[in-house]
Every structure is written in structure tokens, then in C-alpha cells.
2 protein chains.
Amino acid sequence: MNSATSSAAFAVTLGDVQQAHERIRSHIVRTPLLESASLNELAGARILVKAESLQQAGAFKFRGAVNRLLQLSDAQKRAGVVAFSSGNHALATSLVARKLGIPASIIMPADAPRAKIEGARANGAEVVLYDRQKDDREAIGAEIAGRTGAVIVPPYDDPDIMAGQGTVGLEIIEQARDMGATLDAVIAASSGGGLVAGVATAVKSLSPSTAVYAGEPEGFDELARSLASGQPESNAPGATSICDALQVVRPGKLTFPINLHLLAGSLVVSDDDVRRAMKAAYQHLRLVVEPGGAVPLAAVLARKLDLADKTVAVVLSGGNVDTSVFIEALNA
Amino acid sequence: MNSATSSAAFAVTLGDVQQAHERIRSHIVRTPLLESASLNELAGARILVKAESLQQAGAFKFRGAVNRLLQLSDAQKRAGVVAFSSGNHALATSLVARKLGIPASIIMPADAPRAKIEGARANGAEVVLYDRQKDDREAIGAEIAGRTGAVIVPPYDDPDIMAGQGTVGLEIIEQARDMGATLDAVIAASSGGGLVAGVATAVKSLSPSTAVYAGEPEGFDELARSLASGQPESNAPGATSICDALQVVRPGKLTFPINLHLLAGSLVVSDDDVRRAMKAAYQHLRLVVEPGGAVPLAAVLARKLDLADKTVAVVLSGGNVDTSVFIEALNA
């Protein structure tokens with residue numbers, strides 16, 4: 001497929017990502033692209049780490065949320081926003097809403113990490129908990145939106161959200177250039193696929209020879225299987241994973257066509273791979289990373305790709321982890 | 001005292017710090033100046049956090065070491081360097097030496113954190129351990145230097161080291177300006193006093209109305225007492241502190257005149273204050289900070305200054321902590 005002709009059909013383009021970056025630049029942290037000599041040695045590759053755990057609200061999700069909310073009309077801002085999220089999109093949307101003076105309702109699974117539920121409440125949002133097995137979070141969101149006139153802010157299937165997340169990729173390209181590094185690969189975690197679709201849009205446009213991979217946990221590898229079959233595949237119910245942030249049923253409607261077109265594949269890791277990566281990020285980079293955020297580093301350290309003597313950028317996408325889970329990883 | 005006339009007597013000037021920044025810019029991480037809404041709320045002040053725990057080798061010490069080693073002659077580089085350090089200066093000097101291909105001997109106390117001793121060895125340095133109570137580390141260093149011709153790289157009493165550490169202050173001023181923040185105060189930890197002297201040199205030159213404070217742990221508050229008396233005071237032997245990085249006997253010879261001239265004071269915190277600050281940095285910023293590096297944040301959270309509605313920058317100066325100490329702080 002020729003990307004120059006076919007990309008017009010996609011929800012997001014490089015131009016959208018660049019415009020989003022201009023729009024959100026003064027609101028976000030330009031997170032550093034870190035390197036550790038000892039981590040490189042451990043991996044047998046040059047690893048550049050995009051520390052989105054240092055982003056506002058502790059995850060890349062702030063980028064998409066601020067890009068979306070800055071574009072609401074004054075009337076929409078008064079009516080408020082409603083978001084459904086397993087955690088990081090909740091924290092991001094509630095923090096952006098608070099900064100912009102917008103009322104926010106957040107619909108979260110009752111089994112989300114306490115740190116995330118409490119964080120959304122601390123940001124002044126009204127938190128509505130639902131049962132992941134029984135309730136339909138989208139129906140709850142539609143009910144609130146219908147009653148209050150609030151705007152629904154989806155976690156990934158939205159062009160402005162995807163463009164905001166893509167700014168991670170834009171910065172990686174700029175920062176790697178400043179470091180004199182040529183990127184052989186970039187890896188970002190995928191749940192609904194908004195982050196990796198946005199990152200791939202930026203990276204493949206600006207550095208076509210760089211391969212972009214998703215990373216997923218075992219049991220929630222719908223994107224790996226969908227990329228293999230060429231059509232959206234679902235996860236079997238009942239799977240569990242330490243990666244609370246990466247649990248969707250099927251790929252996003254807007255994100256999947258982009259990911260199918262641009263990704264070189266999706267790398268699947270185990271919970272133990274993830275714990276080892278969380279410990280490595282702590283030891284070598286002094287970063288607190290949550291399980292889902294550690295998946296790309298886990299893929300590199302578990303040698304899911306042959307990266308010998310190559311340069312890879314990994315997105316550490318978030319750092320909102322319950323302390324017991326974090327300590328368990330340090331003791332692993 | 002008039003700083004314009006008297007500063008000529010000091011070991012370091014703003015010009016030295018600016019030149020150091022140009023020299024080391026491509027070697028260091030421009031660490032982010034982070035802000036957290038929830039941390040601000042906890043402190044009742046606006047806190048901007050300079051995350052030097054993300055610096056190469058996990059502490060600000062890399063800045064001074066690279067500024068010094070880049071200026072060695074080729075003959076000096078062949079003869080190698082020797083450094084004495086309780087840890088972070090050891091890690092920094094050994095990493096810079098490795099990157100520049102210079103042999104390094106590092107003299108460390110036998111009771112230094114294991115993470116620091118192992119890190120210096122992993123960087124390829126020859127580590128010589130000594131007994132903090134019995135041995136004279138400077139004599140050991142002089143012996144090695146005399147035998148091998150190696151250049152001694154002191155931890156703080158050296159103009160190039162102090163100028164390198166001062167680049168932290170330069171970046172804080174630039175980054176605060178980019179954020180639209182006016183700094184009422186800046187706080188940096190003090191052991192030998194090189195960091196805070198360099199930071200004060202930059203900050204007081206570029207923003208004279210900003211007050212610069214040192215931070216010290218109880219039992220090792222020699223600078224607080226020296227500033228009060230106007231002359232170098234020593235710590236009583238036998239004190240203990242969780243802050244392994246901040247244990248000197250008396251203020252530095254070159255650093256103290258600068259600190260006496262430029263600092264508004266030194267804020268003294270307890271081990272419990274430090275543990276609470278380490279936990280706050282973990283919870284609100286997802287940063288791993290070592291005890292000594294958490295002292296300035298501890299001073300703010302323990303309300304050692306009246307900062308109500310003011311803006312303060314704190315340097316989190318390092319993140320090299322043994323896991324047991326870190327977990328103890330998270331459980332505090």
C-alpha cells in the first residue's frame with residue numbers, strides 16, 4: 001500500500017499531530033528521552049526511553065485530553081465532559097477539566113487501581129464506578145451525557161485524542177535527532193491503540209525507515225492477532241493481566257486501520273517480563289512505571305525483537321501504580 | 001556586602017557557570033522542571049521540582065565531573081583520574097571516565113550504599129574501600145595520584161566542579177521563565193556545598209530577588225551553624241542520618257565563602273521528614289529519590305519556610321538509593 005495515497009482515509013495525519021503539538025505545547029511536560037549505559041548493556045541494544053510517566057497526571061493520556069478539551073466551545077465547557085476509563089484517561093481528563101474549569105464525570109471500573117480512582121476524585125471529578133463484568137460503561141456515559149449535555153471524551157477512538165497522543169512520537173523524533181541517534185524501531189503499548197496509532201503516524205511520516213511496534217500483555221493481545229489476520233479480533237473473556245491499563249476487548253474502530261497500515265507488528269509479553277522491566281526502570285532510570293507502561297521495555301529486555309547493536313525508542317507510557325504492585329515488582 | 005565588587009574573590013562566577021553549560025550541554029540530560037497539582041496542594045505553595053535524579057548516573061554530580069574531565073589534557077587523560085566520594089560523585093566520575101576512555105580509581109567508604117559501590121564497579125572503575133571512622137580518604141587519594149600520575153577530581157572544592165553543578169541553577173531559571181513562574185526561593189541540598197554554591201551563583205546573578213537556601217539533615221547541619229556564626233563550624237562525630245550523601249565534617253574551603261555571601265540560610269530536616277518527602281516524590285511525581293536528594297522537598301513539606309502562596313524550586317539532587325531504604329520510605 002502506498003501511504004501517500006491511502007493515508008487520506010485515516011482519522012489522523014501528520015499535520016493533525018503537528019497542530020496538536022502547537023496547541024498543547026504550553027500545557028504539557030516535554031518529557032525527557034533518557035538513556036542509561038547500564039540499561040543498554042543489559043539489553044544489548046541502545047535504548048532511548050520516553051518517560052511519559054513524568055507527564056501531567058502521570059501518563060501520556062494528558063496530551064490527548066488537553067488537545068480535545070482545548071477545542072470545546074464555551075457552551076460545551078459549561079456543560080462539562082464525561083469520560084470512561086480504566087484509569088489514566090480518567091486522571092488526565094479530570095486534571096485537564098480542573099485546570100480549564102470544566103465539570104467532569106468519570107466512569108471507572110470498580111476494580112481499577114485505588115491510586116487512579118482516588119486521583120480522579122482528588123482532581124474534583126465525580127467518579128461513577130461500574131462492574132467490569134456486568135455493566136456497559138458506554139451506556140452509562142451516554143446516559144450522563146444525555147441528561148447533562150456533557151461532551152463524551154472517548155479514550156482512543158477520536159481524532160483529537162489520537163493526534164494528541166501522537167505528539168509523543170513527534171517529540172521522540174526531535175529528541176533522537178538532537179542526540180544524534182538514528183532510530184531503527186519505536187515501541188509503544190497498545191490497548192485501544194490510540195497511542196501507538198498516533199506515534200506511528202508521526203514516526204512513519206518523518207522517519208519512514210523506522211519500524212513501529214505495539215506492545216501488549218499476554219491475554220490481551222488482540223492487536224497482535226488482528227494484525228496477523230488483517231481484521232479486528234477479540235480477546236477471550238476471563239483473561240487476567242498485571243497490566244490494568246491495557247485491557248480492551250477489541251481494537252479501536254479509528255485506530256485499527258492506521259495500525260494495520262503502519263505497524264510492523266505487536267510484541268506480546270508476560271506478567272513476569274513486565275515486572276522485570278518495572279524493576280529495570282527503577283534501577284537504571286530511577287523511574288516509577290506502572291505495569292502497562294513497562295510493556296515496551298519488557299519486550300526489549302525479553303528479546304522479543306532482534307535489536308543487537310540497534311537503536312530503539314520505547315515509550316514508558318505511565319506511572320500510576322498501586323504501591324503494593326510496585327513493591328512486588330522491586331522484589332521480583 | 002556588594003556582590004558586584006566582592007564576587008571577584010569567589011572561586012566561581014556566573015560566566016564560569018555559563019561556559020560550563022555550553023561545554024557540557026551535549027553530554028548531560030536537560031532534566032525537566034516538574035510540577036504536580038496535588039503536590040502543590042499538599043505543600044500550600046507552588047513547587048517546581050528539578051529532577052536531577054534523571055541525570056546521567058542518577059545525580060547532579062555528573063555535571064561537575066564532565067565539566068572537569070572534558071578539560072583534561074591528553075596526557076592527563078592517559079594517566080587517569082582518582083576521586084573520593086560517598087557515592088554519587090563516584091558514580092558520576094566513573095561514568096564520565098568510561099565515556100571519555102579515561103582510567104578511574106574511586107575511593108569509597110565501605111558503608112556506602114551497595115547500589116553506589118556496585119554502580120561504580122559496573123562503570124569500570126577500580127573501587128578502593130576505606131573505613132569512614134579510621135582511614136583518611138584524602139591521603140589514600142594522594143597516594144594513588146602520586147604513584148600513577150592520576151589527576152584528583154575533588155567532590156566539591158574545585159572551581160570546575162562547582163561551575164558544572166551550577167548549571168542546575170541556570171536551567172532552573174530558564175525553565176521557570178518558560179513556565180511563566182517567578183521564583184521566590186530555590187532550595188538545594190548541601191554536603192560539601194558545591195551544588196548550592198553553584199546554584200546560588202547562577203540564581204542570585206540572574207534573579208537577585210530569589211532567595212536561595214541550602215537543605216541539610218539533622219546531625220549534619222554544619223552549614224546552618226556556619227552561616228549563623230559566620231565561620232566554618234564542624235559536625236560533632238558520631239551523628240547518624242538516613243542521608244548517606246550529605247555527611248561531611250565541615251563546609252568546603254571554596255564553597256563556604258560563596259554560600260556565606262549568597263545564601264538566605266540552611267533548612268534542617270529530620271529523617272522522618274526525608275522519608276515523607278521520598279514518598280511524596282514517588283506518589284505525586286513518580287520519581288525515585290534518594291534520602292539526601294529529598295531534603296529540599298522535605299524542608300518545604302515540613303514547612304521549614306513560610307511559603308504560603310509563593311513559588312519555590314527544589315532540586316531533587318539524586319536517585320541512587322538501596323531498595324530496602326526506598327521501600328521503608330514508601331511504607332512510612
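Computed from a predicted structure; not experimentally measured. Within every chain, numbering begins at 1; the chains are lettered A, B, ... in the order of the sequence lines, protein sequences first and strands thereafter. Computed over heavy atoms, backbone and side chain alike; hydrogens, waters and symmetry mates excluded.
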Looking at [X] and [Y], does any basic side-chain N land under 4.0 Å from a carboxylate oxygen?
| X | Y | value |
| --- | --- | --- |
| B/E174 | B/R30 | yes |
| A/E171 | A/R25 | no |
| A/K116 | A/D322 | no |

Considering only heavy atoms, which portion of [X] lies under 4.5 Å from any heavy atom of chain B: side chain, backbone, both, or neither?
| X | result |
| --- | --- |
| A/E35 | backbone |
| A/N123 | neither |
| A/A51 | neither |
| A/V321 | both |

Review point. Do A/R63 and A/T167 have side-chain atoms, one donor and one acceptor, less than 3.5 Å apart?
Key: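 Distance-only check passes for A/R63 and A/T167.
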So which residue, [options], ends up with the most heavy-atom pairs under 4.5 Å with chain B?
| options | answer |
| --- | --- |
| A/L285, A/L54, A/N331, A/L95 | A/L54 |
| A/L33, A/L34, A/V29 | A/L34 |
| A/G318, A/A57, A/A122 | A/A57 |

Practice item. Check step by step if side-chain contact (heavy atoms from CB on, under 4.5 Å) holds for A/N88 and A/F60. Key: CA-CA 8 Å; A/N88 283 326; A/F60 73 95; 5.8 Å; no
Review point. With respect to chain A, which residue among B/L330, B/T31, B/V289 yields the maximal number of heavy-atom pairs within a distance under 4.5 Å?
Key: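 Most pairs with chain A among the choices: B/L330.
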Review point. To the nearest 0.5 Å, what is the distance between CG (B/L287) and OH (B/Y282)?
Key: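 One gets 12.0 Å once the value is rounded to the nearest 0.5 Å.
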